[in-house]
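Numbers restart at 1 for each chain; the letters A, B, ... are given by sequence-line order, proteins then strands.
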Amino acid sequence: MLKDEPFSQILAILFASREPVMPGDLLAVFPHLSPEELVGVLTALVQEFNQIQSSLEIRQVAGGYRITTRVEHHEVIREYLKTQPSARLSAAALETLAVIAYRQPITFPEIAEIRGIKGSSTIKTLLEKKLIEIKGRKKVVGRPILYGTTREFLIHFGLNDLSELPTLEEFEELLQS
Amino acid sequence: MLKDEPFSQILAILFASREPVMPGDLLAVFPHLSPEELVGVLTALVQEFNQIQSSLEIRQVAGGYRITTRVEHHEVIREYLKTQPSARLSAAALETLAVIAYRQPITFPEIAEIRGIKGSSTIKTLLEKKLIEIKGRKKVVGRPILYGTTREFLIHFGLNDLSELPTLEEFEELLQS
Amino acid sequence: MTTGADYQVELEIFEGPLDLLLHLIKEQELDIYDIPIAQITDQYLRYLQMMKDLNINIAGEFLVMAATLIFIKSRMLLPVEVVEEGEEGEDPRQDLVSQLLEHEKFKKAASLLHDRQVVALSIWPRGDEEFEEEEKEAVSVNVFDLIRAFHRIVERYQENIVMEVQHEEVSLEQKLTELRSLLMLQREVLFSSFLRKAVSRLHLVITFFALLEMARLGEVRLMQSMAFDDIRIVAC
């Protein structure tokens with residue numbers, strides 16, 4: 001099956017693209033496929049590809065499809081590439097990011113209020129890492145800048161969309177139990 | 001076979017590496033393999049991988065191994081890549097765009113003066129990408145063309161209007177914290 | 001004896017007052033919905049004192065929280081106000097409790113992101129860039145990149161001006177160009193700050209002439225809110 005069109009072509013596209021491939025963009029390239037047919041093709045492709053080998057994996061991330069290596073090979077890859085584990089975000093940065101992810105679009109004073117801390121250095125770090133971005137200004141006095149998460153955020157945390165995050169209410173239940 | 005080690009690991013390395021993978025470098029990661037065994041593993045891997053699907057192939061280039069898409073899919077890949085928005089900018093184009101965004105309407109000599117760099121190719125790129133447009137001519141000697149940003153610019157950067165751009169003061173606050 | 005260094009390691013855990021309070025509550029297994037405010041306030045203040053003793057700079061928000069705690073404590077000591085029938089008097093701790101709960105929820109969310117990050121950092125996208133030869137140095141940009149680029153240009157430009165004025169010889173034409181592009185960048189410049197850049201009497205005089213010339217040509221307006229106030233040079 002993998003060797004037949006359009007499977008072989010879509011797999012080649014998934015490989016060639018560094019960004020997650022959006023089904024909508026594939027429809028433009030395969031106009032003879034209906035959206036339903038395309039979803040069927042993609043589902044079958046993912047299943048078959050992930051099954052015939054155990055090095056790579058097609059994942060759904062940020063609303064698209066992308067090929068990555070499997071988690072279990074990370075040590076041997078790191079050893080070959082001689083890379084250090086990438087710098088993880090600090091606890092402070094993760095907390096700011098969590099606040100932004102759940103309350104976006106949100107201004108800096110609002111973030112500071114929730115975290116009980118001033119200091120915007122984490123905002124700068126997150127902007128530089130492109131995990132958050134400027135989303136305009138809030139229509140209140142002073143017109144403060146609004147921040148929100150990016151597509152890069154979804155990719156970085158392996159999320160298909162924001163709804164994959166548990167809701168804050170779920171965290172609340174966790175606290176009460 | 002592909003699913004077993006070290007085949008699965010080597011395939012993952014081939015995928016993740018930016019450069020063709022040299023057998024000598026692999027030996028460092030798999031010290032329990034002799035050079036002869038490694039060559040055997042690689043040969044079997046190439047044969048098996050190239051046989052089970054028809055999208056990708058492992059090729060020997062410059063004494064190393066790399067995975068590439070097969071030539072017959074290049075047309076469809078190019079077609080797909082054409083669907084991708086090309087808001088990617090070089091550092092030079094970004095600088096020119098920044099000057100225009102913050103000081104529009106502005107002429108080319110003024111941009112060159114501020115940037116301290118001549119060369120107008122970035123203007124052309126930005127016009128082509130429809131991020132800037134001609135806004136008229138300045139009423140000074142030579143009547144140079146005035147440039148400004150477009151509606152597409154606002155859409156691309158997710159802004160409602162230009163007043164939503166952060167100011168230099170706001171940026172400096174971010175830096176100082 | 002415990003050394004200062006030992007404390008410092010522990011002190012760094014608390015990023016803000018909410019973190020510290022949550023720690024005190026958890027450590028003693030207190031009920032977050034019924035915080036013994038007098039006890040917590042004491043511990044909190046002792047902690048701040050400890051930081052002070054160790055010469056650690058106490059961030060303003062820690063002091064604000066101290067004031068809040070003392071205020072709540074005093075309110076708790078007052079007799080419960082007579083309230084309308086069927087209504088319950090508001091617990092003075094209520095705001096603090098909801099703030100703590102909110103903070104705790106986000107801490108949980110952050111730890112979830114942390115876990116996901118561990119997985120995400122263990123997978124690799126394709127390393128090789130077969131199809132991206134044409135735009136290799138190009139990157140996708142957002143508003144932050146834009147302001148960062150502009151900031152860099154302004155900095156670079158101002159450095160250049162400083163370097164240029166260090167040359168002794170200067171012409172009116174040079175000064176005009178310099179002032180024009182400075183105004184393009186800043187739209188408004190204080191007369192005093194512009195003159196400060198002049199390294200010699202000659203520079204000073206020529207700068208002054210350049211300004212007058214630009215005012216005459218209607219390129220700038222010279223404004224002053226009151227006598228002896230600094231003159232603002234505003235681009236027209």
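- One finds the OG atom of B:Ser55 at 8.5 Å from the CD1 atom of A:Ile67 (value rounded to the nearest 0.5 Å).
- Within the 4.5 angstrom heavy-atom criterion, only backbone atoms of B:Leu165 (N, CA, C, O) approach chain A.
- The two residues A:Leu56 and B:Ala12 come nearest to each other via the heavy atoms CD2-CA, 4.3 Å.
- Looking only at atom types and distance, the side chain of B:Ser163 has a donor-acceptor partner in the side chain of A:Arg143 under 3.5 Å away.
- Counting heavy atoms from C-beta on, the side chains of A:Met1 and B:Gln53 never come closer than 4.5 Å.
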(request) Run the numbers on A:Lys124 and B:Glu173 for side-chain contact (heavy atoms from CB on, under 4.5 Å), then give the verdict. (result) CA-CA 10 Å; A:Lys124 192 181 140 238; B:Glu173 268 169 42; over 6 Å; no
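- Residues B:Thr68 and A:Phe15 have side chains not in contact (no heavy-atom distance under 4.5 Å, counting atoms from C-beta outward).
- Within the 4.5 Å cutoff, the side chain of B:Ser8 has heavy atoms near those of the A:His73 side chain.
- Within a 6.0 Å sphere centred on CD of A:Glu79, other residues, nucleotides and ligands contribute more than 12 heavy atoms.
- A distance of 4.5 Å separates OH of A:Tyr80 from CG of B:Asp25, quoted to the nearest 0.5 Å.
- Contacts of B:Ala16 with chain A are made by both backbone and side-chain atoms, with heavy-atom separations under 4.5 Å.
- Note that the CG atom of B:Leu174 and the CG atom of A:Leu127 stand 6.5 Å from one another [nearest 0.5 Å].
- Contacts between A:Leu81 and chain B at a heavy-atom distance below 4.5 Å involve the side chain alone, from C-beta outward.
- Side-chain N or O atoms of A:Lys135 include none that pairs as donor or acceptor with a backbone N or O of B:Leu159 at under 3.5 Å.
- When heavy atoms are compared at a cutoff of 4.5 Å, B:Glu75 does not approach chain A at all.
- Surrounding CD of B:Glu72 are more than 12 heavy atoms belonging to other residues, nucleotides or ligands, all under 6.0 Å away.
- With a 4.5 angstrom heavy-atom cutoff, B:Glu170 touches chain A only via side-chain atoms.
- Interface residue B:Leu11: backbone and side-chain heavy atoms are both found under 4.5 Å from chain A.
- Annotation: B:Glu152, atom CD; neighbour count of heavy atoms from other residues, nucleotides and ligands within 6.0 Å is above 12.
- Considering only heavy-atom pairs separated by less than 4.5 Å from chain B, the leading option among A:Leu26, A:Val21, A:Ile134 is A:Val21.
- For B:Lys130, the NZ atom counts as loosely surrounded, since its 6.0 Å shell holds 12 or fewer non-hydrogen atoms of other residues, nucleotides or ligands.
- Counting heavy-atom neighbours within 6.0 Å of B:Glu37 CD, excluding the residue itself, gives a total above 12.
- To the nearest 0.5 Å, atoms CD1 (A:Ile52) and CD1 (B:Ile52) are separated by 3.0 Å.
- Inter-residue side-chain proximity for B:Ser54 and A:Leu2 is flagged as unmet; no heavy-atom pair is nearer than 4.5 Å.
- Side-chain contact between B:Thr83 and A:Val29 is present, with heavy atoms from C-beta onward closer than 4.5 Å.
- Atom CD of B:Gln9 sits about 12.0 Å away from atom OG1 of A:Thr69, to the nearest 0.5 Å.
- Counting only heavy atoms from C-beta outward, the side chains of B:Phe30 and A:Val76 approach each other to under 4.5 Å.
- Salt-bridge formation is not detected for the pair A:Lys139/B:Glu164: no Lys NZ or Arg NE/NH1/NH2 atom is positioned less than 4.0 Å from an Asp or Glu carboxylate oxygen.
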